[in-house]
Structure formats: structure tokens, C-alpha cells
There are 2 protein chains.
Amino acid sequence: MDYKEFKKIYEVSNRDISREVYRNNKGIILIKKEKTAVNNLEKIFNAVFNISYKKGFQAMSMRALSQKTGMSLGSLYAYFKGKEDLQDIIQIQGWSIIKKDLEKVLKSHNNPWERLKAVIKAHVFLSELFRPWFYFTFMEARNIKAVKSMEDHTQKILTNILVEGEKQGVFKPGNHELTASMIKAMQQEWYLKRWKYKKLNISVDQFAGHLMGLVEAFCLAPGQEGCA
Amino acid sequence: MDYKEFKKIYEVSNRDISREVYRNNKGIILIKKEKTAVNNLEKIFNAVFNISYKKGFQAMSMRALSQKTGMSLGSLYAYFKGKEDLQDIIQIQGWSIIKKDLEKVLKSHNNPWERLKAVIKAHVFLSELFRPWFYFTFMEARNIKAVKSMEDHTQKILTNILVEGEKQGVFKPGNHELTASMIKAMQQEWYLKRWKYKKLNISVDQFAGHLMGLVEAFCLAPGQEGCA
DNA sequence: TAAAAAAAAGAACGAACGTTCATATTTAAA
DNA sequence: TTTAAATATGAACGTTCGTTCTTTTTTTTA
């Protein structure tokens, strides 16, 4: 599966995400009309990603956000209780995207190697599709407890596949927890250093392919190459 | 070489770094006595790393820095022109540490595989020794031009070793630029996610060893394993 | 078209920020 | 010990921040 296929199957847009945020926060958001709210939420998120890309969320002023969105300061506060809440909303939604996706892919394969490939690739493709969400979630989530537990969660998924695969003789023995960590680090590379790959003219498919090659060389037991 | 040996050979302390900063900025720093200046600079750097670890440098107030260092607000401004300059000083010094080290290790090996191993390991060990500097430099250096060119520089070093090694038949053919990127991503993992490895009880030697195993499996040409 | 509801606007407020500077304290020199 | 230089202090300043709230504008309903 390449990125093009993935996008067709996945069928979720930034607008869908904004709609989800609206419905999850109807109690807080003071706007009644869904269309208006979703429209403005999309504007807000885009502006936040844009402004905080260079200097971080803390350095983004509400006045800058007002200017970038074209909304007044007063209007903005109809969509969140305060600046910190805005950050929380984005983070929570970001993790939700990642989590839901991983669980969907997990169910769609049984063979450990196929499953591992699918999980790794899906994550890379998803981070391409929602790069600003991924970038923001990583960069603004420093020492937060919820973030650590989510990192643990997604890492455990990879670890479990590797452990299960070793039992079946598909993967070499090894410290699977460490391997899972390394895989995660390489996945993150894609959305953290976009400028680099743009410059080198490397596509997301090339990147994912290279990552799969690395994992195959290190993890796959001898004589299993036919499965690749 | 393990971390213990590395530390013995490297022989640079946080105090040495502070002294270097003082000597490089004698024009700006208003304090005449080296001992006083170096002492306070060390206090300042430690406090900056401590406070900005959780919420970032932007969120650190000068008053918080004053409290943590035990120095008055006025005193602090004898060591840097302004808050932004303080950040620049730390970043520049951070990159300087990385650059000097890499160049030293480069000269100490000729065989490509030995050289690759030495460069990768040295970087991981160095990031362990000066983790706060590495963490700060990565997290606070977002879209800055100087940072990108430094990232390019260190990546090019890895790429060149891989290309040279392929010519000599030591390494498999492949997209070496991409491989270098992946290696860098895994190196960064060590200082960005310290909490994870502390929790898993994984030492820097274990981590470096695992990374070397991955690189060996992916890069080393068949029949070269004897060198490892 | 008139009344009611919803949404947008932006001036105003207090708090917190980075920075300065006149003064006090400490250290070194005479 | 006295004098001069170096260093430390923290109140005060102007600015900018996040946030609120009354008013205006727009949209919907009757």
C-alpha cells in the first residue's frame, strides 16, 4: 500500500477533525450553529499551527491568533475557555487521531510481519496527512503525563507484535522494547524534519520504504524474506 | 569503547563549558573575575535547563530564573544582553560541543565501518554527558536557519562515511542520505526521551549497542561481519 | 418586515513580563 | 584602614499579555 491508496481508504479531512472537536466540546463552545463553529475551528487550528511552528505555542499571542484568523479577540473566546484550553484541545485531538488509526490497522492483519509493516506504514502515512497535528503534539507535549502514557501505549503495540512474531519464528530474538523505540524514533523523524526531506526531494513513500527495509534487515528471521 | 571509557578520555565538564562561554563572550559579559563569572554562568545554565525543560524557554520568566539561581534580576543582566541573547549563547555553545566532538572522532579512524561506529557512538555518549545542552538545543531550535545547516553538516558526515564505505565494498548500496537521516533520528531519541529509558532501565551502553546492531544489519555488506 | 437570538467586535483591565538604573554591598588595591 | 573598583540589589518603568464585557452587527424566526 502506498500513500495514495492510504489516502483514498482513510478518507478523513481536516474539516472532519474540526467537526469532531466541535462535537466533543459542545459544552464549552458557545457557538450553536455547527457550520459556523466548524468553519472557525478550522481557521483557528490552521492559524495556531502556522504561528506556533516557528516559536512555539507559548510564544503565540492571542492578538496574533486574532489577526491570522481574521476573528476578533472576543470571538475567539467563544471557542475555548482560555489559551491553555486551546492547547489541550489540540493535543487531545492529536492523540485521538493516532490512537484510533493504530487500532484500526491492528485488526486488519494476522501475520506478524504483515501486521508490523501495516502498523508502521499507517503511522507514517497518517503523520503525513495530519502533519501539523503530529508536529504540534510532539513539540508542545514536553513532560506531560498523558503524553508519556500515550507514547507507552503506541510503543507497546509495536513491542507486542515483535514478541508475538518471535514466538512464531518470524522475527529474530532481541530486545523488542528497544527495537520498538527505535522504530518510533524513525517514524517521528518524518514529521519533525519535513524541511529536510523536502530539500532532498524524498517522498513519503520513499521514506516509508526505507524504514521498512531497515526493520526487515534487523528484525526478520533468516529464511523469511519471501514474506516481504 | 563503552560510556565509562569515553568519559575518561573526553574529560570535559559542565564547568569547562561555562568557562568557554565566558571566554567567548568577554566583550558582552560585564564581570571581570573569571571565577565569579564561570560560577554564576554555571548556575544560570543549570537553572535555564531546569525551568525550561517542562514548558520551554519562552515560558521561563526572568523572575523565575532569578529565583532558581539565587541571583537578582539586575545581576543576571551582567551575563547577557537580554533573554534572547541568553538563548542564543546556549544554542551556539550546544552546537559547538557537537561539532568539535564529531571532528575529533572523524580523524581517529580510517576503516569506514570502524569510523561509522565511532562517530555514532561518540555522539550518543556525548549527548549523555551533556544531555541538557542537547535537549535544549533540539527543543528550542525550531525553524532556525543556523540549526538546519548544522543538521545538514552532521548528516553529511554520516553520508560521506557510508558512500566511501560502499565504494570499498564494506557497505551495501542504498540511499545513504536516507540512512544517515534514520541514524540521526535514533541518536536523538536517546536524549529526547530520557524518561522512557530510565523507566525501562536501559543504559546508554545498551542503547548504543542496540543502535549499532541495527546499523550493522542494514548497512554492512555480507561477508563483512568479521569486522564488527 | 419586526422582534428575538446568535455571533462578532474591540476597548478596557489588571497582571506579568523584560529591562533599566540609582543605590547598596562586597571585594581588591593602596 | 581608607579608597576605589567591582559586583549585587530590587523597586520602578513601559509594554504586552490573556481575558472580560458591553455594545454592535448579523442571522434567524415569527
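Residue numbering restarts at 1 for every chain, and letters A, B, ... go by the order of the sequence lines.
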Discussion item. I'd like to know if A/Lys121 and A/Asp2 make a salt bridge, using a cut-off of under 4.0 Å between side-chain N and carboxylate O.
Written reply: no

Worksheet item: Which part of the nucleic acid, if any, lies within reach of B/Asn40 when heavy atoms closer than 4.0 Å are counted: base, sugar-phosphate only, or nothing?
Response: sugar-phosphate

Response to the item:
Exactly one of B/Phe130, B/Tyr191, B/Phe49 clears ring-ring contact (aromatic ring centres under 6.0 Å, His included) with B/Phe136, and that residue is B/Phe49

Worksheet item: Among D/dA8, D/dG18, C/dG18, which is the nearest nucleotide to the side chain of A/Lys83?
Response: D/dG18

Fill in: Contact under 4.0 Å: B/Lys33 side-chain N or O vs D/dA5 OP1/OP2
no

Worksheet item: What's the OH-C1' distance between B/Tyr22 and D/dT7, to the nearest Å?
Response: 12 Å

Fill in: Six-ring centre of A/Tyr22, A/Lys35 cation under 6.0 angstrom, axis tolerance 45°
no

Item to complete: Could you tell me whether A/Glu128 and A/Lys7 make a salt bridge, using a distance below 4.0 angstrom between a side-chain N and a carboxylate O?
Response: no

Practice prompt. Give one of base, sugar-phosphate or nothing for A/Ser61, where a contact means two heavy atoms less than 4.0 Å apart.
Written response: sugar-phosphate

Discussion item. Could you tell me how far apart B/Leu41 (CG) and D/dT7 (P) are, to the nearest whole angstrom?
Written reply: 12 Å

Fill in: Between P of C/dA6 and CE of A/Met71, the distance in whole Å
18 Å

Fill in: Whole angstrom value for the distance that separates P of C/dA6 from CD1 of A/Ile29
16 Å

Response to the item:
Of A/Arg63 and A/Ser72, the one whose nearest nucleotide on DNA chain C sits closer to the 5' end is A/Ser72

Worksheet item: Please give, in whole Å, the distance from C/dC17 C1' to B/Leu65 CG?
Response: 14 Å

Worksheet item: CD1 of B/Ile51 versus C1' of C/dC17: gap in Å, rounded?
Response: 15 Å

Worksheet item: Which one, C/dG10, C/dA12, C/dG18, comes nearest to the side chain of B/Tyr77?
Response: C/dG18

Response to the item:
Closest of D/dA11, D/dT9, C/dC13 to the B/Leu73 side chain is D/dA11

Worksheet, complete the sentence: Note: for A/Met62 and B/Tyr79 on DNA chain D, the residue whose nearest nucleotide lies more 5' is B/Tyr79

Fill in: Atom pair distance, as rounded to whole Å: NZ in A/Lys32 and P in C/dA7
7 Å

Worksheet item: Taking only N and O in the side chain of B/Ser75, is any of them less than 4.0 Å away from OP1 or OP2 of D/dT9?
Response: yes

Item to complete: Identify, between B/Ile31 and B/Gly74, the residue whose nearest nucleotide on DNA chain D lies closer to the 5' end.
Response: B/Ile31

Worksheet entry | Atom-pair distance (CG on A/Leu76; C1' on C/dA9), nearest Å | 11 Å

Discussion item. Assess whether a salt bridge exists between B/Lys184 and A/Glu189, defined as any Lys/Arg side-chain N lying under 4.0 Å from an Asp/Glu carboxylate O.
Written reply: no

Worksheet item: Looking for any heavy atom pair under 4.0 Å, which part of the strands does A/Phe80 touch: base, sugar-phosphate only, or nothing?
Response: nothing

